Structure formats: C-alpha cells, structure tokens
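Worksheet: one structure, shown below.
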Amino acid sequence: MKKISVIVPMYYEEEVAKECYLRLRNVLEKIENYDYEIIFINDGSKDKTLEILKNIAEENKNVKIISFSRNFGHQCAVTAGLRYVTGDAIVIIDADLQDPPELIPEMIKLWEEGNEVIYGKRKSREGESRFKLLTASMFYKTLNALSDVEIPKDTGDFRLVDRKVVEVINSLPEHNKFLRGLFSWVGFKQKAYEYERKERYAGKTKYPLKKMLKLAQDGIFSFSIKPLKIVGAMGILSVIISIILFVYAVLSYAFDWNNLVPGWTSLMVTMTFIGGMILISLWMIGEYIGRIYDETKRRPEYIIDETINIEEK
Ligand code: UDP
Ligand code: MG
C-alpha cells in the first residue's frame with residue numbers, strides 16, 4: 001500500500017500540538033488506500049511540546065518524532081523531516097493549523113493526476129498583521145526581481161511533493177536551505193493549489209522579525225548573484241558621477257564660479273557616496289563569503305537528540 005508522510009515542525013507549540021495531531025489523524029485515517037505517517041520535529045522547544053508528542057507517539061505508532069538538541073530553525077526542521085520520510089507522497093505543513101490539514105485529500109488527488117509538486121498558494125491570509133503582509137509582498141517582489149528561478153508568490157512551505165522530488169532535495173549538499181525556492185528550482189511537474197490561509201489556532205508566531213530576515217536573506221543570497229552585479233553597476237554609476245563633479249570643479253576653478261571653500265562640495269559628495277558604496281559592497285560580498293564559510297565547515301545542519309518510532313538510518 002502506498003503511504004502519505006506528513007512533516008510538522010514544532011517550536012514551542014504546546015498549545016497546538018494535540019489539536020494539530022487530532023486534525024491530521026482525522027484527515028489521514030479517512031483517506032482510503034493509503035497508509036500514513038506523521039513526523040513531528042521538535043525544534044528545541046523547552047516547553048511541553050515534546051512531552052505531548054511523546055504521549056501521542058506512544059498510542060499511535062504512525063507518529064514519529066525527531067527531537068533536536070536545540071533550536072535550529074524551521075527550515076532545518078523540515079530538512080530533517082525530509083530525510084526520514086518513508087512515504088510516496090510527502091506533505092509539509094505548519095503546526096499552527098494555518099494551513100488546513102483538510103486540504104490534504106485534494107492535494108493527493110492532484111498528485112494522483114501526475115503532478116509532482118503541489119504547492120499551497122495563499123488566496124487570502126487571515127489574522128496576519130499589515131506589517132507581515134507588506135514585508136512578505138516586498139520580499140517576494142525583490143526575490144523574483146533578483147532570482148533566476150521563478151519563486152511563486154504567496155507560497156509558504158505548505159505543499160505535497162512526490163518521493164522522487166524529496167530524494168533530489170535530500171541529495172543537495174547545501175546549507176541554509178530556502179526550501180520553497182529549492183522546490184521550485186528542482187523543476188518537475190509543478191501545480192499551484194489555492195487556499196485560504198487561516199488564523200493561527202493558538203499561541204503566537206514563532207517567526208519574529210529576526211527569523212524572517214534570516215529567511216529572506218537565505219532566499220535572496222542563495223538564489224541569486226545579482227546583488228553582486230548591482231554593486232558593480234552602482235560602482236560604475238559612482239565613477240560617472242565623480243567624473244561629472246570633477247569637470248564641474250575644474251570649470252568653477254578656471255572661471256571662478258563660486259566663492260565656496262574650493263573643493264568642499266565635491267569632496268564631501270564623492271567621499272560620502274563612495275564610502276557608502278564600499279560599505280554596501282563589503283556587506284554583500286560578506287554575505288557570500290559567509291555562505292562559502294558555512295559550506296566549507298561541513299557542519300551538520302541539525303543535531304538530533306532522540307528519535308521515537310523511527311528506525312535508525
Ligand atoms: N518553527 C520551527 N522552528 C522555528 C520557528 C518556527 O520549527 O525556529 C515552526 C513553527 O512551530 C510552525 C512553523 O515553523 O510549525 C511556522 O511558524 P509560525 O507559524 O510561527 O510562522 P508564521 O506562520 O507566523 O509565519
Ligand atoms: Mg503560522
């Protein structure tokens with residue numbers, strides 16, 4: 001019998017863990033002709049999340065747990081889940097029930113029709129702050145302007161993917177994965193699935209601004225080298241501007257156009273401008289060097305503390 005695997009990352013989700021499991025089980029047990037497994041990843045929560053999950057895993061052997069030694073972040077949690085899935089179709093879903101599990105059967109239908117990546121596309125987003133909506137929209141616009149791969153807008157990590165796509169993702173050695181970008185980058189038969197994104201079931205967002213910025217940076221810098229090219233363009237522009245200033249300075253000296261302290265304006269302008277350019281370039285180059293550094297260290301992306309109901313690989 002074919003099997004559906006569901007991956008659920010959890011970080012301080014004690015308020016939603018149980019409900020999340022119940023809703024998922026309800027849906028998965030009703031799907032005919034498929035076995036299922038649910039893999040919960042405890043991403044270093046120090047609250048009751050793990051305890052609740054352990055109780056669930058005890059009574060239901062289809063529930064598996066991967067527990068990290070500390071918080072490694074949402075993307076690493078999903079990455080770990082992907083390595084351990086044993087199903088033929090894999091669903092990635094948030095724990096907070098913003099992405100309704102009840103949509104899984106329809107996604108499975110699309111998969112049976114031959115689609116290999118069915119990604120959830122948000123038609124609407126309930127209960128999210130204006131700030132989040134605005135920054136998210138700015139992010140996707142920037143990302144698509146910069147990146148060589150089309151990364152669908154309004155798309156999170158909620159998706160159903162075929163086993164073979166997961167194998168490809170698992171074979172990628174890179175760190176700091178921006179999964180939704182990679183799932184688009186790998187190609188295969190992609191299909192958007194539109195849905196209404198609900199409000200969080202309980203608890204607060206586990207994506208504070210700092211984590212969102214990290215995700216945005218991973219998205220931009222691991223999918224595009226255009227920032228480097230933009231720096232080049234800015235460099236040329238600054239040279240052109242300084243040439244114009246130079247001509248102006250020489251002419252005003254020759255024809256005595258103004259009585260300013262000679263050279264002050266042009267010096268200030270060029271100095272600040274070029275200084276700014278250099279700093280921006282250094283920052284951008286630093287981003288890439290940081291990534292190269294990360295890759296060369298060859299550190300694992302996560303460390304598992306314990307697993308339950310999972311055979312060692
Ligand atoms: N999450 C995680 N590790 C983190 C942050 C978040 O595993 O460091 C999980 C979280 O438990 C949830 C999912 O990632 O299942 C999405 O997080 P959240 O719903 O807080 O993000 P939002 O929907 O507000 O963007
Ligand atoms: Mg959420």
Side-chain angles (χ1 to χ4, degrees), residues 6-24 38-53 56 63-84 90-101 103-104 119-140 143 153-159 175-181 183 195-219 301-305:
V6 181
I7 297 176
V8 194
M10 289 209 178
Y11 181 52
Y12 285 91
E13 300 286 11
E14 61 181 9
E15 287 163 282
V16 303
K18 186 81 204 214
E19 178 72 12
C20 172
Y21 161 67
L22 292 175
R23 292 258 305 263
L24 277 171
I38 306 175
I39 303 189
F40 290 112
I41 298 98
N42 172 40
D43 185 10
S45 334
K46 300 254 184 305
D47 61 353
K48 293 215 183 67
T49 307
L50 184 59
E51 199 184 312
I52 298 169
L53 293 178
I56 297 171
V63 172
K64 304 174 176 186
I65 303 170
I66 299 173
S67 184
F68 285 179
S69 60
R70 64 165 169 86
N71 180 238
F72 280 89
H74 176 208
Q75 302 288 299
C76 292
V78 176
T79 304
L82 290 173
R83 293 250 162 84
Y84 282 86
I90 291 93
V91 176
I92 303 168
I93 193 166
D94 283 357
D96 57 3
L97 300 167
Q98 282 192 287
D99 315 316
L103 305 177
I104 295 175
Y119 56 91
K121 192 167 160 59
R122 298 154 186 175
K123 247 195 300 192
S124 67
R125 303 173 109 183
E126 284 169 27
E128 288 193 278
S129 66
R130 278 236 189 108
F131 176 74
K132 178 120 190 184
L133 296 182
L134 184 75
T135 46
S137 128
M138 268 166 47
F139 167 64
Y140 282 104
L143 185 59
K153 211 169 135 258
D154 291 327
T155 301
D157 285 316
F158 179 43
R159 61 188 68 229
H175 290 62
N176 297 312
K177 289 198 180 83
F178 182 63
L179 286 167
R180 53 197 83 164
F183 276 117
Y195 72 108
E196 320 265 346
R197 192 157 210 247
K198 300 276 181 273
E199 239 172 288
R200 202 172 223 286
Y201 173 72
K204 279 205 299 260
T205 176
K206 305 300 178 305
Y207 257 96
L209 188 62
K210 198 174 139 208
K211 282 192 176 165
M212 281 205 309
L213 284 176
K214 157 90 170 73
L215 185 72
Q217 284 184 14
D218 283 342
E301 273 173 292
Y302 53 81
I303 300 165
I304 292 173
D305 178 21

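Ligands are counted one by one from 1 in listed order, and the atoms in each one are counted from 1 as well. Predicted model, so just to flag it, every value in this text is computed and none were measured.
Scanning all protein heavy atoms for the shortest distance to atom 20 (O) of ligand 1 gives Lys206 N, 2.5 Å. The protein atom (non-hydrogen) at minimum distance from atom 9 (C) of ligand 1 is Pro9 O, 3.9 Å. With hydrogens left out, the protein atom closest to atom 24 (O) of ligand 1 is Thr205 OG1, 2.5 Å, a heavy atom. Of all protein heavy atoms, the one closest to atom 18 (P) of ligand 1 is Arg200 NH2, 3.6 Å. Looking from atom 17 (O) of ligand 1 to the surrounding protein, the closest heavy atom is Tyr207 CD1, 3.6 Å. Remark: minimum distance from atom 16 (C) of ligand 1 to any protein heavy atom is reached at Asp94 OD2, 3.4 Å. Looking from atom 19 (O) of ligand 1 to the surrounding protein, the closest heavy atom is Asp96 OD2, 2.5 Å. Nearest protein heavy-atom contact of atom 23 (O) of ligand 1 is Gln98 OE1, 2.6 Å.
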Self-check item: Chi angles and distances behind the salt bridge (charged side-chain N to carboxylate O under 4.0 Å, His left out) call for Asp154, Arg122
Solution: CA-CA 5 Å; Asp154 291 327; Arg122 298 154 186 175; over 6 Å; no
Q | salt bridge (charged side-chain N to carboxylate O under 4.0 Å, His left out) between Lys177 and Asp218, worked out | A | CA-CA 7 Å; Lys177 289 198 180 83; Asp218 283 342; over 6 Å; no
Can Lys198 and Asp94 be said to form a salt bridge (charged side-chain N to carboxylate O under 4.0 Å, His left out), step by step? CA-CA 11 Å; Lys198 300 276 181 273; Asp94 283 357; over 6 Å; no
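Interface of Lys132 with ligand 1, defined as ligand atoms under 4.0 Å from a residue heavy atom, comprises 22 (P), 24 (O), 25 (O). For ligand 1, the atoms closer than 4.0 angstrom to any heavy atom of Met10 are 7 (O), 11 (O). Ligand-side atoms of ligand 1 in range of Lys211: 4 (C), 5 (C), 8 (O), range being under 4.0 angstrom from any heavy atom. Residue Asp43 approaches ligand 1 through these ligand atoms, each under 4.0 Å from one of its heavy atoms: 2 (C), 3 (N), 4 (C), 7 (O), 8 (O).
Between Pro101 and Leu24, the closest side-chain pair of non-hydrogen atoms falls below 4.5 Å. Proximity of Phe158 to Ile92: side-chain heavy atoms (C-beta onward) are nowhere separated by under 4.5 Å. Looking at Asn176 and Lys214, their side chains come closer than 4.5 Å, going by heavy atoms from C-beta outward.
A cation-pi arrangement, defined by a distance under 6.0 Å to the six-membered ring centre and an angle within 45 degrees of its axis, is present between Arg70 and Phe72.
For the Mg ion (ligand 2), protein N, O or S atoms closer than 2.8 Å were enumerated as Asp96 OD2, Gln98 OE1, with waters left out.
Remark: ligand 1 and Ala77 share no N or O pair separated by less than 3.5 Å (distance only, no angle test).
Heavy atoms from other residues, nucleotides or ligands lying under 6.0 Å from OH of Tyr201 number 12 at most. Shown here is Lys132, whose NZ atom has more than 12 heavy atoms of other residues, nucleotides or ligands within 6.0 Å.
Nearest heavy-atom pair, Gly44 versus Tyr11, reported as atom, atom and distance to 0.1 Å: O-CE1, 4.1 Å. Smallest separation of non-hydrogen atoms from Ala202 and Glu15: CB-CB, 3.9 Å.
The part of Asn71 lying near ligand 1 is the side chain, judged by heavy-atom distances below 4.0 Å.
With hydrogens and angles left out, the side-chain atoms of Asn71 and Lys211 include a donor and acceptor closer than 3.5 Å.
Around atom 12 (C) of ligand 1, the closest heavy atom drawn from Glu13, Arg197, His74 belongs to Glu13.
Scored by the side-chain contact (heavy atoms from CB on, under 4.5 Å) test, Leu209 finds Phe131, Met212, Leu213 as partners (sequence neighbours excluded).
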